[in-house]
Number of protein chains: 2
Amino acid sequence: MPDYIYTLTVENKTRPMEQIFTLNGRIWVETASEKILGHGRIELLERIHQSGSIRQAALQMKMSYKQAWDLINHMNTHFKSPLVTSHRGGKGGGNATLTAEGLRIIAEFHRLQDKFKVFLKENSVGMGF
Amino acid sequence: MPDYIYTLTVENKTRPMEQIFTLNGRIWVETASEKILGHGRIELLERIHQSGSIRQAALQMKMSYKQAWDLINHMNTHFKSPLVTSHRGGKGGGNATLTAEGLRIIAEFHRLQDKFKVFLKENSVGMGF
DNA sequence: ATTCGTTATACTTTTAAAAATATAATGATA
DNA sequence: TATCATTATATTTTTAAAAGTATAACGAAT
């Protein structure tokens, strides 16, 4: 910087001059004791749907196969009927597909999620922060 | 159990017969890169307000003093003005009090939280799960 | 001046969650 | 019947977050 230019720095290191605060959040489905369904599980279901494989879905989400399997198993045993059916052996080594109930659950969650997005947007503007 | 009593168990271990699913969620305030304010921090502010002490607030929440201090410091440096002022030494060893801005932020967050509670209740009934 | 309980800060240890690893089971296909 | 990639499951290792520990600074009250 040439020495005939002078600057006055008003902001400081720890508190940037302009910060944009937004309202964000998460919704999920739970019982009295545990979480049943949320963001991550829905994405997992969707990736299983498009790949036909638990392993591929897990890889795409950088999640261990074990974790993916545990989540699916948990959902399958906590909804009235399973959301995912899987088979091992055969062509490709095995496969996993969504049940009609699984697809319905995804759609239902998206419906809620869309309403929630509207809520967040509406309440983000004019926040007193 | 006497042997003349017979029982028929219909539910199974992994899937209790009747499960009540409810919608739950959390909201918070964030910038593009980090969380600024949520549930826990609001509770911390409130407990500092009523106890006049960071240490007591932390103890009540079973949180380490360090964690409490870090959270407060983070808030103080990320809002336009500090939410908490603190002093060491003197009567009682030191103290912490909320600023007017701190009290305003609590009220503002509660306002949002109340609206969110309504949202959750409205969308919990008739959920397709 | 000494005591006291708290604030402020650095450093170490614990803990729980997630990932990684290992291995058996499976069934279509070549 | 040998191969293959995957499902299913147990066990071990890694990791990051939180808690715990230690210590200095502080100032009112005695």
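Note on naming: letters A, B, ... go to the chains in the order of the sequence lines (proteins, then strands), and numbering restarts at 1 for each one. Just so we're clear, the structure is a prediction, and the values are computed from it rather than from any experiment.
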Asks: Any side-chain N or O of B:Gln56 less than 4.0 Å from the OP1 or OP2 oxygen of C:dG5?
Replies: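 B:Gln56 to C:dG5 OP1/OP2: no side-chain N or O under 4.0 Å.
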
Asks: May I have the distance from B:Leu59 (atom CG) to C:dG5 (atom C1'), rounded to whole angstrom?
Replies: 12 Å

Asks: When you measure from the side chain of A:Ala96, which nucleotide among D:dA19, C:dT7, D:dT7 comes out closest?
Replies: D:dT7

Asks: Picking from D:dA8, D:dA29, D:dT6, which would you name as closest to the side chain of B:Lys91?
Replies: D:dA29

Asks: Any idea which of C:dA19, C:dT7, C:dT9 is nearest the B:Arg88 side chain?
Replies: C:dT7

Asks: Atom CD1 of B:Ile72 to atom P of C:dA8: distance rounded to whole Å?
Replies: 8 Å

Asks: Of A:Lys62 and A:Gly89, whose closest DNA chain C nucleotide lies nearer the 5' terminus?
Replies: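 With A:Gly89 and A:Lys62 compared, the 5'-side residue is A:Lys62.
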
Asks: Cut-off 3.5 Å, side chains only: do B:Ser124 and B:Thr22 have a donor facing an acceptor?
Replies: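 Their side chains do not contain a donor-acceptor pair, so the 3.5 Å distance test is not met.
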
Asks: Starting from the 5' end of DNA chain D, give me the residue, A:Gly93 or B:Met63, whose nearest nucleotide shows up first.
Replies: A:Gly93

Asks: Given D:dT7, is OP1 or OP2 found less than 4.0 Å from the side-chain N or O atoms of A:Ser53?
Replies: yes

Asks: Got more than 12 heavy atoms from elsewhere within 6.0 Å of NE2, B:His74?
Replies: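 For B:His74, atom NE2 is crowded (more than 12 foreign heavy atoms under 6.0 Å).
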
Asks: Using whole Å, report how far OH of B:Tyr65 lies from P of D:dA22.
Replies: 18 Å

Asks: Tell me whether the OP1 or OP2 atom of C:dT6 has a side-chain N or O from B:Ser86 closer than 4.0 Å.
Replies: no

Asks: To the nearest Å, give me how far apart CZ (A:Arg55) and P (D:dT6) are.
Replies: 7 Å

Asks: Quick check for you: to the nearest 0.5 Å, what is the distance between B:Gln60 atom CD and B:Leu44 atom CG?
Replies: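 Between B:Gln60 CD and B:Leu44 CG, I get 10.0 Å after rounding to 0.5 Å.
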
Asks: Does D:dA17 have OP1 or OP2 under 4.0 Å away from a side-chain N or O of B:Gln67?
Replies: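 For B:Gln67, the contact criterion (side-chain N or O under 4.0 Å from OP1 or OP2 of D:dA17) is not met.
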
Asks: Kindly indicate whether the side chain of A:Val84, heavy atoms from C-beta on, has any atom under 4.5 Å from the side chain of A:Thr99.
Replies: no

Asks: Between D:dT6 atom C1' and A:Arg47 atom CZ, what is the distance in whole Å?
Replies: 19 Å

Asks: Roughly how many Å is it from NZ in A:Lys66 to C1' in D:dT13, rounded to a whole number?
Replies: 14 Å

Asks: Let me know the distance between CG of A:Leu71 and P of D:dT7, rounded to the nearest Å.
Replies: 15 Å

Asks: What is the separation between atom CG on A:Asn73 and atom C1' on D:dA10, rounded to the nearest whole Å?
Replies: 14 Å

Asks: Other residues, nucleotides and ligands only: do more than 12 of their heavy atoms fall within 6.0 Å of NZ on B:Lys115?
Replies: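 Not buried by this count: 12 neighbours or fewer within 6.0 Å.
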
